[in-house]
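In what follows, a structure is listed as structure tokens, so that the remarks can point back to it.
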Amino acid sequence: MMRILVLLLVAILFGGGGFGAGWYLFANKEHHEEKVEEPKPPEPSGPPVFVNIGPLTVPVLGAERIDQFVTLMVALEVADMGIADTVRANAPRLTDAFLTTAYGAIASGKAMQGGLLDVPQIKAKLNDATAKVMGKGVVRDVLIQIVNQRPM
């Protein structure tokens, strides 16, 4: 009988302690969360500057031969001329990253729907490639100016 009372008392203590700890951690959640703000890029002083990259021509491979060629004209939107010069200096690296990304997306079939290029998906992949080459926040956006699909 004494063992049962001791076990019951221990269970009540641990249960109450667990309840108290849970209430402290989860009910007062807003007091314990650290608010981390991402640094905002500096606001541009003038109009945006566009850097043209391309044309980029990627073959679309079929079962036995090339089915079509996809040509993209891409422009990168940056904040000012200083950043534009940096982007122009890295144009060969960007072209390589764009061709690799576009070819991989098209070859896997994820960027083609019914024989047509899925432009929003390619744009998202080119934005990711730009961030990998230039760093996040350097280039504001990738703009696809022209898409040309030429069947063979």
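Bear in mind that the values here come from a model prediction, so they are computed numbers and not experimental data.
For Asp128, there are no side chain to side chain contact (heavy atoms under 4.5 Å, CB included) partners two or more places apart in sequence or in a different chain. In terms of the salt bridge (charged side-chain N to carboxylate O under 4.0 Å, His left out) criterion, Asp118 has no residue partners (sequence neighbours excluded). Listed by chain and number, the residues in a side chain to side chain contact (heavy atoms under 4.5 Å, CB included) with Ala102 are Val58 (sequence neighbours excluded). Applying the side chain to side chain contact (heavy atoms under 4.5 Å, CB included) rule to Thr100 yields the partners Asp96; only residues at least two apart in sequence or on another chain are considered. Scanning for salt bridge (charged side-chain N to carboxylate O under 4.0 Å, His left out) contacts around Lys123 gives Asp141, with sequence neighbours left out.
One finds the CG atom of Asn148 at 7.0 Å from the CZ atom of Arg150 (value rounded to the nearest 0.5 Å). Atoms CG and CD, on Leu126 and Gln121 in that order, are 11.0 Å from each other to the nearest 0.5 Å. One distance of note links CG of Asp85 with CG of Asn90; it measures 11.5 Å at 0.5 Å rounding. Atom NZ of Lys136 sits about 11.0 Å away from atom CG of Asn127, to the nearest 0.5 Å.
Val49 has its side chain out of reach of Ile83: every pair of non-hydrogen atoms, C-beta onward, lies at least 4.5 Å apart.
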For residues 59-78, run the donor-acceptor check on the side chains, cut-off 3.5 Å, and write out each pair with its distance to 0.1 Å, sequence neighbours left out.
from: Gln68; atom 1: OE1; to: Gln149; atom 2: NE2; distance (Å): 2.8
from: Gln68; atom 1: NE2; to: Gly115; atom 2: O; distance (Å): 3.2
from: Thr71; atom 1: OG1; to: Thr57; atom 2: OG1; distance (Å): 3.4
from: Glu77; atom 1: OE2; to: Arg140; atom 2: NH1; distance (Å): 3.4

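Linking Ile, Leu, Val, Met, Phe, Trp and Tyr residues whenever their side-chain heavy atoms come within less than 4.5 Å places Leu99 and Val119 in a single cluster. Under the 4.5 Å side-chain heavy-atom criterion for Ile, Leu, Val, Met, Phe, Trp and Tyr, Ile122 and Leu116 are members of distinct hydrophobic clusters. Cluster membership for Leu94 and Met81, using ILVMFWY side-chain heavy atoms within less than 4.5 angstrom, is shared. Phe98 and Leu143 fall into different hydrophobic clusters, where Ile, Leu, Val, Met, Phe, Trp and Tyr are joined by side-chain heavy atoms under 4.5 Å apart, directly or via other members.
The neighbour count for Phe50 CZ, taken as heavy atoms of other residues, nucleotides or ligands under 6.0 Å away, is above 12.
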